[in-house]
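Below is one structure, written out as structure tokens; comments come after it.
Worth knowing before you read on, the calculation uses all heavy atoms, side chains too, and leaves out hydrogens, waters and symmetry mates.
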Amino acid sequence: IKQAISKRKYKFLILLKEYYEQYQACELLIREKQKIDMLVEVLFNLKDTVYTQSKNGSGIKYLMNNMEVLQGYKSALILYKELWEQDAKVRRLEDAIKEFEDNFETTWKGESFYYPVLNEENEPFYGTTMQWGKLYEFALPQLFSIVFDAVEQEALFTQTLYHSFCEWWNWTKMDYRNQAEANQTWSIIAYAAMKMEDYKKVDTYLEIFEQKIQDRKYPFYSGDSVWLILTCEGM
């Protein structure tokens, strides 16, 4: 079971929190508490010092995953405080969030970017040189800090990071699709731009999207459609 859910356990918790806030349907969640407990325990078990490793024993931590994990912690904490306030996991989740946030900037931050991957010793897995020209491995993970609210959008570092991404990637026209390993619509970029209040670029992206992805076939897929919906909702 742990192997089956280890990669996306945090997204289940985010989904459950959204479900609870949308419908206030606590009966179902209370009935399934054992499964929710298991999800949270998997998160705790995958911790390697402060951060979550990709799988038990690897020691490798990805920026994208850990941004999602932080949101998973926060989502789980809301649920436990609302439904099971006396549960010991409330304190454990609070401690995990505080530890993460207290150490995030000093561990992951480079000169003008975040390290996309850390090794077993929490050192930069790819070294300390940023390669903005590689979308998936280096550039895209930077935006996950914005997407999952790990940083303040108004902060100078965040603004610099976002504008650096835009200087390297003409993403409104989907130029990243020239890279075989990045041949997707990547609507999550537009979502990050919406959160940065860069509405002009988002408008351009949506116009280009309508021109290029009329048939709704791959590389447009179900997961990316969610980011597109959330982007339009935010706009």
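The residues K35 and E32 are annotated as salt-bridged, a charged nitrogen and a carboxylate oxygen being separated by less than 4.0 angstrom. Between E21 and K17 there is a salt bridge, with a side-chain nitrogen of the basic residue lying less than 4.0 Å from a carboxylate oxygen of the acidic one. Note on K195 versus D149: salt bridge recorded, some NZ/NE/NH1/NH2 to OD/OE distance being below 4.0 Å. In summary, K47 and E99 engage in a salt bridge, as defined by a charged side-chain N under 4.0 Å from a carboxylate O. Using a 4.0 Å cut-off between a side-chain N of Lys or Arg and a carboxylate O of Asp or Glu, E94 and K81 qualify as a salt bridge. Contact check on K201 versus D198 returns a salt bridge, with a Lys/Arg side-chain nitrogen under 4.0 Å from an Asp/Glu carboxylate oxygen.
Residue Q34 qualifies as open at atom CD: its count of foreign heavy atoms under 6.0 Å is 12 or below. In this structure, F125 places its CZ atom where only 12 or fewer heavy-atom neighbours from other residues, nucleotides or ligands lie under 6.0 Å away. Other residues, nucleotides and ligands contribute at most 12 non-hydrogen atoms within 6.0 Å of the CD atom of E111. For Q159, the CD atom is densely surrounded, since the number of other residues' heavy atoms within 6.0 Å is greater than 12.
Formation of a donor-acceptor pair under 3.5 Å by the K98 side chain with backbone atoms of A96 is not found in this model. A donor-acceptor pair is defined here as one N or O able to donate and one able to accept, closer than 3.5 Å; no such pair exists between the side chain of T128 and the backbone of P124. In terms of modelled atom types and a separation under 3.5 Å, the side chain of K173 and the main chain of I208 share no donor-acceptor contact. Although no hydrogens or angles enter the test, the distance criterion places no donor-acceptor pair under 3.5 Å between the side chain of T107 and the main chain of F104. Between the side chain of Q53 and the backbone N or O of K61 there is no donor-acceptor pair closer than 3.5 Å. The backbone N or O of E123 sits less than 3.5 Å from a side-chain atom of N119, completing a donor-acceptor pair. Side-chain N or O atoms of Q142 include one that pairs as donor or acceptor with a backbone N or O of Y114 at under 3.5 Å. Between the side chain of S145 and the main chain of A150, no donor-acceptor pair closer than 3.5 Å is present.
Atom CZ of R31 sits about 5.0 Å away from atom CG of L28, to the nearest 0.5 Å. For the atom pair L143 CG and C166 SG, the distance stands at 8.0 Å (nearest 0.5 Å). The CG atom of L140 sits 15.0 Å away from the NZ atom of K134 when rounded to the nearest 0.5 Å. In this structure, the separation between CD on E27 and CG on L83 is 9.5 Å, given to the nearest 0.5 Å. In this structure, CZ on R92 lies 9.5 Å from OH on Y80, to the nearest 0.5 angstrom. Interatomic distance, L70 CG to E101 CD, rounded to the nearest 0.5 Å: 5.5 Å.
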- Message: Evaluate M130 against W168 for side-chain contact (heavy atoms from CB on, under 4.5 Å), listing each step before the verdict.
- Response: CA-CA 12 Å; M130 181 60 177; W168 275 89; over 6 Å; no
Do L118 and I60 pass the side-chain contact (heavy atoms from CB on, under 4.5 Å) test, and can you show the C-alpha distance, the side-chain angles, and the key distance before you say yes or no? CA-CA 6 Å; L118 300 180; I60 304 299; over 6 Å; no
message = Could you walk me through whether N66 and F100 satisfy the side-chain contact (heavy atoms from CB on, under 4.5 Å) test, starting with their C-alpha distance in whole Å, then the side-chain angles of each, then the deciding distance to 0.1 Å, before giving a yes or no?
response = CA-CA 9 Å; N66 274 275; F100 192 113; 3.8 Å; yes
Given the rule in the side-chain contact (heavy atoms from CB on, under 4.5 Å) test, do D87 and K33 qualify, once you have shown the distances and angles that lead to the verdict? CA-CA 11 Å; D87 196 294; K33 182 177 185 294; 2.8 Å; yes
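Residues Q71 and K11 fail the side-chain proximity criterion, which asks for heavy atoms closer than 4.5 Å. In this structure, E18 and Y23 have side chains that are not in contact, with every pair of non-hydrogen atoms separated by 4.5 Å or more. For the pair T158/I146, a side-chain contact is recorded, criterion being any heavy-atom separation below 4.5 Å from C-beta on. Considering only heavy atoms from C-beta on, T172 stays 4.5 Å or farther from V202 through its side chain. Side-chain contact between P141 and Y62 is absent, with no heavy atoms from C-beta onward closer than 4.5 Å. Proximity of W171 to W186: side-chain heavy atoms (C-beta onward) are nowhere separated by under 4.5 Å.
Taking every heavy atom of both residues into account, V90 and E85 meet most closely at CG2-O, 3.7 Å. Between A192 and V147 the shortest heavy-atom distance is CB-CG2, 3.9 Å. In plain terms, the two heavy atoms of A76 and V40 that are nearest each other are CB-CG2, 4.1 Å. Across all non-hydrogen atoms, the minimal contact from L206 to C232 is CD2-SG, 4.1 Å. Nearest approach of W169 to G133, heavy atoms of both residues: CZ2-O, 3.3 Å.
Side-chain heavy atoms closer than 4.5 Å link hydrophobic residues (I, L, V, M, F, W, Y) into clusters, and following such links, even through other members, never connects I229 to Y19. By the rule that hydrophobic residues join a cluster once side-chain heavy atoms approach within less than 4.5 Å of another member, I78 and W84 end up as members of separate clusters.
Residue Y191 is tested with F148, F144, W227 for a ring pair (Phe, Tyr, Trp, His ring centres under 6.0 Å); the sole match is W227. Of the options Y115, W132, Y126, F165, a ring pair (Phe, Tyr, Trp, His ring centres under 6.0 Å) to F138 is made by Y126 and by none of the others. Among I36, L39, V42, the single residue meeting the side chain to side chain contact (heavy atoms under 4.5 Å, CB included) criterion with F12 is L39.
Side-chain atoms of T49 and N122 include a donor-acceptor pair closer than 3.5 Å. No hydrogens or angles considered: nothing links the side chains of T231 and Y205 as a donor-acceptor pair under 3.5 Å.
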